Amino acid sequence: MAQYDFKATEKKWQDIWDKNKTFEAQDNSDKPKFYALVEFPYPSGAGMHVGHIKAYSGLEVVSRKRRLQGYNVLFPIGFDAFGLPTENYAIKTGIHPRKVTDMNIEKFTSQLRRVGFSFDWSRVIDTTEEDYYKWTQWIFLKMFENGLAFRDKTLVNYCPSCKVVLSNEDSQGGKCDICHSDIVQKSKDVWYLRITEYADKLLEGLKDVDYLPNIKLQQENWIGRSTGAFVNFTVTGTDEKLRIYTTRPDTLFGVTFMVMAPEHPLIDKYSGKIANMDEVEKYRDFCSKKSAFERTQLVKDKTGVKLDGFSAVNPVNGKEIPVYISDYVMMGYGTGAIMAVPAHDQRDYEFAKKFGIDIIEVIKGGDIEKEAYTGDGEMVNSSFLNGLTNKKDSIEKMAAYLQEKGLGEKGVQYKMNDWAFNRQRYWGEPIPIVHCPHCGMVAVPYDELPLRLPPVENFEPGTDGESPLAKIDSFVNCKCPKCGGDARRETDTMPQWAGSSWYFLRYIDPHNTEAFAGKDKLKYWMPVDWYNGGMEHVTRHLIYSRFWYKFLYDLGEVPVPEPYAKRTAQGLILGPDGDKMSKSKGNVVDPNEVVDIYGADVLRSYVLFMGDYEKAAPWSESAVKGCKRFVDRIYGLCDILTDSDEYSPELESSMHKAVKKVSEDIETLKYNTAIAAMMTLLNQIYDKGSITRAELRTFITLLNPFVPHVTEEVWQVAGFEGMLNQTQWPSYDESKCVDDEVEIAVQVNGKIKDKIMLPSDISAEDAIAAAKGSEKVAAALEGMSIVKELYVKGRLVNIVVKPA
RNA sequence: GCCGGUGUGGCGGAAUUGGCAGACGCAAGGGACUUAAAAUCCCUCGGUGGCAACAUCGUACCGGUUCGACCCCGGUCACCGGCACCA
């Protein structure tokens, strides 16, 4: 067999594709469009690892197939390059982040090109370029104009090591997402984006898109919509309302105390009324010193302080109710205060037990001596609700009562919080706002965008959580765009999620200087037809970008309400040791090495063949060799080519079956079985010893999306006209996928006794008769009486017997 | 704690969604070619018993439904992912 020189061949075809602009999308085309999107990488100094290759290979195959199917395909790539790792590297080495970013992008680009991905390289974007972040700032200003970007003083998650304020998303588990130190709570004036205003739209929109079910579910849980009621309790001796949110207003008669978050504003307002303010202050101090993690830890041992001289009145029965403060109630959810029903809420129960508060049962069915009962049951001790047994009815009845008496109303709450939108760092988009002593916060005029990052020598953040930009007087000091007086610029920058929240729109028209993208082009290309990425981005990036997009939709800037028609996710590639790949474990596989030793086609086919695309699978060096053999054997087909322009009778049905199988599997992310089917066909071809021109043409077209270099080469060696990437995706004939004769299993009482060949269109009677003709079956039927006979078409015969 | 997912040979994984368990690939063993090695090609490859045809057990565990269960139902265990004092 002729030796396949993968190095020269892969380079040759990559150069040809590049020269011919083979994969550039057309903005004007009669063809149907297909927009395939993969999550653009963060260009880290470590370079890419094979996980990136797997992430892109999925839609790479789909894109190449679509082109052969006659689509105008947009399959772009870019770089999400603002962010802390680059900045930290710059601090360590003194090299400017701009330079670091350019170096890293260059490295990533060369790696990606070596794999032969069919990206449209004319549309590459970099979120850190001025003509990109100009538009990120533009969208921010639109949000500011519409009241969706605002500043608020609140407790924030603060990382003392990185010296930045973090969003809840970036501080999960009480650890900084970047450096993993403990987060502390700090009061600070920060920027927020009012994503909660879009909570319902984000939830509603999920009904109209084709996302994997678990992706939808994670988004739903993240948004965390709950329905219930707001109830106004009156603070004893005042007109003040202490407002609470509850999902179970029907348990109002079981309220025995109330709890406010330690930061609740009513505490300060009525500090004169509260007799034990010393104790209260001490407790508040104790809470603020807890890290975010400690605070959210589920602790059995509840802490809190009773407010002396401050109580409330239960609006349904006029009972006076003690009020406590405790950190198990959060200021950030609901109203920051709750009505406590210890009989039917485990947290309230624990608190009541510790503080010796009454526990009143209002729902029958549990044992409130032991624990809170949260199930359904008959309402008791509840006046007009007594006797109701259905939770829905009792909630409705109470809600109606509250409404009628003006004591409260139905309400909805979300777990999702507004998005803390700022970093006190250099390497991010400057927030284009000016603080004027007279006019307040003023937007930088649109025609002054981009607001550029100033040149800086020292990227170290300030010790007080201030951005390095605050130290640059020439940047900070400016004139107010409104009144012309002296003013100061905002020095915070945007978080890393900003640039990636709209990048898919910029690919559509990457060089536009008048708008983030032209309306006509947006209309043609949107929505993204298929978006693939990692599960880890499902609750942050995916929600953020849907939010930005829906905002732009409401402004009339984009044409359809949802950005992504379909979303899938690939599984991780684990290290050969089965652990998650990480630099510290030293189990990272570099795609460059694989391409050097085996070639791009081998790398591409292996990452798709190694297992279920959606599941994690460990890398195996030796299994890669199997794909190497596969690619070499594909090239070897040139040696056994015959002159025939038809399918041979022996392979005809196999060819049709393979086309069907591969066509279908690509659409359902079953790349592993698609490749397996092609390996099977390849084995059949070698068993037969020859391949016709018609068979070769079909076969290498099927293979082309997976292994484009070797198939393009075989196409040329075989002397087919033009180039493989310009041919058509093969079709199949359903009727030819059926064999004339099929192997039928014969069972007696469900146990296989024999296998016989029968015509595929045989009748049930004939099949059963043929089955009985088998010697082995006859032996098993000896001395038995037949109870039942079944024939499953094309599969099996089952004869049910019992002793005669 | 709550929500979701997974569990199949020595390994990665298939199984037309209730119909021949183990496709395809890796590893392993045997053989051919070679002075030799690599590469390549051929054969074997879930367990047990048997020279063999064959028998028998086998999809985490226990039970159920069915002519028939990796697949459906009930329960248990283990691992992975997400959320987590959300009122």
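Quick caveat: nothing in here was measured; it's all calculated off a predicted structure. Throughout, protein chains are lettered first and strands after them, A, B, ... in sequence-line order, and every chain is numbered starting at 1.
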Polar-atom pairs under 3.5 Å, protein N or O versus N or O of nucleotides 67-75 of chain B: list them with distances, or write none.
{"unit_1": "B:C67", "atom_1": "O2", "unit_2": "A:N798", "atom_2": "ND2", "d": "2.4"}

Each nucleotide N or O in nucleotides 12-14 of chain B that has a protein N or O under 3.5 Å away: list the pair and distance.
{"unit_1": "B:G12", "atom_1": "O2'", "unit_2": "A:M610", "atom_2": "O", "d": "2.4"}
{"unit_1": "B:G13", "atom_1": "OP1", "unit_2": "A:A616", "atom_2": "O", "d": "3.4"}
{"unit_1": "B:G13", "atom_1": "O3'", "unit_2": "A:N672", "atom_2": "ND2", "d": "3.4"}
{"unit_1": "B:A14", "atom_1": "OP1", "unit_2": "A:N672", "atom_2": "ND2", "d": "3.1"}

So which protein nitrogen or oxygen atoms get under 3.5 Å of nucleotides 26-32 of chain B's nitrogens or oxygens?
{"unit_1": "B:C26", "atom_1": "OP1", "unit_2": "A:R629", "atom_2": "NH1", "d": "2.3"}
{"unit_1": "B:C26", "atom_1": "O2'", "unit_2": "A:S622", "atom_2": "OG", "d": "2.8"}

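Taking atom P in both B:G7 and B:U16, the straight-line distance is 14 Å, to the nearest Å. Here, B:C24 and B:C79 have their P atoms 34 Å apart, quoted to the whole Å. Nucleotides B:C61 and B:C67 place their P atoms 25 Å apart, quoted to the nearest Å.
Contacts classified as side-chain hydrogen bond (donor to acceptor under 3.5 Å, both in side chains) and involving residues 246-256 of chain A (residues at least two apart or in different chains) are given here: A:R248-A:D250, A:D250-A:S394. Within the structure, side-chain hydrogen bond (donor to acceptor under 3.5 Å, both in side chains) contacts touching residues 670-679 of chain A (residues at least two apart or in different chains) are A:D665-A:T673.
Among the atoms of the strands shown, none is found under 4.0 Å from any heavy atom of A:K580. Here A:D348 lies out of heavy-atom contact (under 4.0 Å) with every strand.
The shortest distance between the side-chain N/O atoms of A:R633 and the OP1/OP2 oxygens of B:U40 is not below 4.0 Å.
The interatomic distance linking A:E536 (CD) with B:C83 (P) rounds to 12 Å, in whole Å. Between the CD atom of A:Q218 and the P atom of B:G81 there is a distance of 12 Å, rounded to whole Å. The CG atom of A:L217 sits 12 Å away from the C1' atom of B:C2 (whole-angstrom rounding).
In terms of polar N and O atoms assigned as donor or acceptor, the side chain of A:K415 never comes within less than 3.5 Å of the base of B:C83 in a complementary pairing.
Under the 90° criterion around 0 for the glycosidic angle, B:U17 counts as syn.
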ask   = Could you spell out the base pairing of RNA chain B in dot-bracket, with Watson-Crick or G-U pairs whose two distances are under 3.5 Å, [ ] crossing and | to another strand?
value = (((((((..(((......[....))).(((((.......))))).((((....))))..(((((..]....))))))))))))....
